[in-house]
Asks: 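Okay, handing you the structure first.
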2 protein chains.
Amino acid sequence: MTLSANRFIGEYAYSIDAKGRVNIPARFRQALSVENEGTFFTTRGFDRCIYVIPAIIWMDMETELSNLSSVSGINRTFIRNQTRHASSSTYDKQGRITLPLSLLEYAGIEKEATIIGMINKIEIWNPDYLTENDQNNLNLDSNAYDDLAGKIIL
Amino acid sequence: MTLSANRFIGEYAYSIDAKGRVNIPARFRQALSVENEGTFFTTRGFDRCIYVIPAIIWMDMETELSNLSSVSGINRTFIRNQTRHASSSTYDKQGRITLPLSLLEYAGIEKEATIIGMINKIEIWNPDYLTENDQNNLNLDSNAYDDLAGKIIL
DNA sequence: GATAATTACCCACAACTACCCACTATCTTA
DNA sequence: TAAGATAGTGGGTAGTTGTGGGTAATTATC
């Protein structure tokens with residue numbers, strides 16, 4: 001089963017319950033926690049969404065951060081911004097994770113959530129923001145989109 | 001549980017009580033005191049904040065200091081500046097630490113404090129100074145920030 | 001050396017979180 | 001098609017976490 005280790009694809013619709021729990025698609029669960037006993041990391045995404053990141057990938061990033069010299073002010077600010085919204089997490093017996101309230105607010109998620117596989121990480125969206133966000137990106141830079149499509153073909 | 005030993009991430013809001021005690025986030029406690037029975041060190045941060053440093057990391061720094069020749073005046077000054085504001089500490093049964101008044105004054109902390117995990121150490125901030133500080137750094141050096149973001153990607 | 005001030009240790013309680021169990025719907029397999 | 005397994009959702013409970021305050025022990029002051 002090495003084929004799809006840490007490779008997430010597809011879109012899923014789930015609900016958030018009163019305790020802030022979301023289901024992780026069954027297909028994602030194994031890859032999320034490979035070799036790390038069910039541990040992974042959540043943080044803010046570049047867009048207005050939540051990132052769920054496999055431990056191996058997050059740890060690499062952490063290691064790079066720990067190699068930055070604390071003497072530089074901008075390094076310190078960068079480290080802060082990388083870690084402040086992040087936390088490690090595990091899922092419960094039913095395969096759900098509890099999302100911090102701060103992240104749910106950031107992503108504007110209340111009851112419904114769309115989960116998208118982004119190859120090496122997972123995104124959790126407010127379903128409305130998702131389509132809106134991508135439409136905006138397309139409007140701003142449709143040429144770049146076509147370039148990518150031209151290079152990365154099926 | 002080797003996964004996140006001595007790896008501090010996340011942001012937490014706590015209050016300082018009348019006795020100068022702050023809670024240490026439960027998730028940090030174990031990593032803070034690995035192999036040293038609850039002992040760690042507090043000192044001034046580079047920014048206007050308080051550092052809380054695991055014993056293992058502090059001891060490494062002490063060792064390097066002890067290798068500096070005392071014949072050099074600048075070495076002596078450097079050693080002094082590293083140690084004069086530092087002290088060792090432990091937490092009480094509820095997981096709190098008592099911060100020296102001098103450090104609280106240095107960081108301008110009164111009732112509210114923001115605690116940030118900085119991978120291998122912890123920072124304690126006056127919530128107002130924190131955002132102000134990082135905004136200043138960004139204004140001064142946003143190019144360097146973008147460079148870092150380009151290299152260290154999620 | 002007696003008293004005041006500070007610190008360390010202990011207990012108490014409310015809020016929250018993690019863990020457990022239960023139910024339904026869907027998918028798989030015989 | 002029936003039966004079992006898996007997946008998604010909801011809720012209860014015990015343990016943990018954050019916060020306040022009291023008392024004894026230690027340190028400082030006169």
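The chains referred to below are lettered A, B, ... by the order of the sequence lines, with proteins before strands, and numbering in each begins at 1.
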Asks: Under the rule for ring pair (Phe, Tyr, Trp, His ring centres under 6.0 Å), what residues qualify as partners of B:Tyr12, not counting sequence neighbours?
Replies: B:Phe28
Asks: Do the side chain of A:Arg44 and the main chain of A:Cys49 share a donor and acceptor less than 3.5 angstrom apart?
Replies: no
Asks: Tell me every residue that passes side chain to side chain contact (heavy atoms under 4.5 Å, CB included) with B:Ser70, counting only those two or more places apart in sequence or in another chain.
Replies: none
Asks: Shoot me the first and last contacting nucleotide of DNA chain C against chain B, ordered 5' to 3', at under 4.0 angstrom to non-hydrogen atoms.
Replies: C:dA8 to C:dA12
Asks: Please report the distance, rounded to the nearest Å, between CD in B:Gln30 and P in D:dT16.
Replies: 14 Å
Asks: Can you tell me which nucleotide in D:dG22, D:dG20, D:dG12 comes closest to the side chain of B:Arg96?
Replies: D:dG20
Asks: Which donor-acceptor pairs under 3.5 Å do side chains of residues 124-139 of chain B form with protein atoms, sequence neighbours excluded?
Replies:
unit_1: B:Trp125; atom_1: NE1; unit_2: B:Glu123; atom_2: OE1; d: 2.8
unit_1: B:Asn126; atom_1: OD1; unit_2: B:Asp128; atom_2: N; d: 2.8
unit_1: B:Asn126; atom_1: ND2; unit_2: B:Gly108; atom_2: O; d: 2.7
unit_1: B:Thr131; atom_1: OG1; unit_2: B:Asp128; atom_2: O; d: 3.3
unit_1: B:Asp134; atom_1: OD1; unit_2: A:Thr77; atom_2: OG1; d: 2.9
unit_1: B:Asp134; atom_1: OD1; unit_2: A:Arg80; atom_2: NH1; d: 2.7
unit_1: B:Gln135; atom_1: NE2; unit_2: B:Asn139; atom_2: OD1; d: 3.3
unit_1: B:Asn137; atom_1: ND2; unit_2: A:Gly73; atom_2: O; d: 3.2
unit_1: B:Asn137; atom_1: ND2; unit_2: A:Thr77; atom_2: OG1; d: 2.8
unit_1: B:Asn139; atom_1: ND2; unit_2: B:Gln135; atom_2: O; d: 3.4

Asks: How close or far is atom P of D:dG12 from atom CZ of A:Arg21, stated in whole angstroms?
Replies: 11 Å
Asks: Restricting both atoms to N or O, compile the protein contacts to nucleotides 5-8 of chain D shorter than 3.5 Å, with distance only.
Replies:
unit_1: D:dG8; atom_1: OP1; unit_2: A:Tyr14; atom_2: OH; d: 2.4
unit_1: D:dG8; atom_1: OP2; unit_2: A:Arg29; atom_2: NH2; d: 2.9

Asks: Quick test of your reading: applying salt bridge (Lys or Arg N to Asp or Glu O under 4.0 Å), list the pairs with at least one residue in residues 136-154 of chain B, sequence neighbours left out, ordered by first then second residue.
Replies: none
Asks: Just to verify, what does A:Tyr51 make a ring pair (Phe, Tyr, Trp, His ring centres under 6.0 Å) with, not counting sequence neighbours?
Replies: none
Asks: With sequence neighbours left out, what residues match B:Ser88 under side chain to side chain contact (heavy atoms under 4.5 Å, CB included)?
Replies: B:Thr39, B:Phe41
Asks: D:dG18 P sits how many Å from B:Ile16 CD1, rounded?
Replies: 14 Å
Asks: Once you round it to whole Å, what is the distance between P of D:dG18 and OH of B:Tyr91?
Replies: 12 Å
Asks: Output all residues satisfying ring pair (Phe, Tyr, Trp, His ring centres under 6.0 Å) with A:Phe78, sequence neighbours left out; order by chain, then residue number.
Replies: B:Tyr145
Asks: Just how far, in rounded Å, is C1' of D:dT23 from CG of B:Asp92?
Replies: 15 Å
Asks: Distance-only, no hydrogens or angles: does the B:Tyr106 side chain make a donor-acceptor pair with backbone N or O of B:Gly45 under 3.5 Å?
Replies: yes
Asks: Would you please name every residue forming a side chain to side chain contact (heavy atoms under 4.5 Å, CB included) with A:Glu11, sequence neighbours left out?
Replies: A:Thr114, A:Ile116
Asks: Which residue pairs satisfy the salt bridge (Lys or Arg N to Asp or Glu O under 4.0 Å) criterion with at least one member in residues 83-106 of chain B, sequence neighbours excluded?
Replies: B:Asp17-B:Arg96, B:Asp92-B:Arg96
Asks: Based on the rotation axes of five pairs at each end, what angle does the helix from C:dG1-D:dC30 to C:dA30-D:dT1 bend through, to 10°?
Replies: 40°
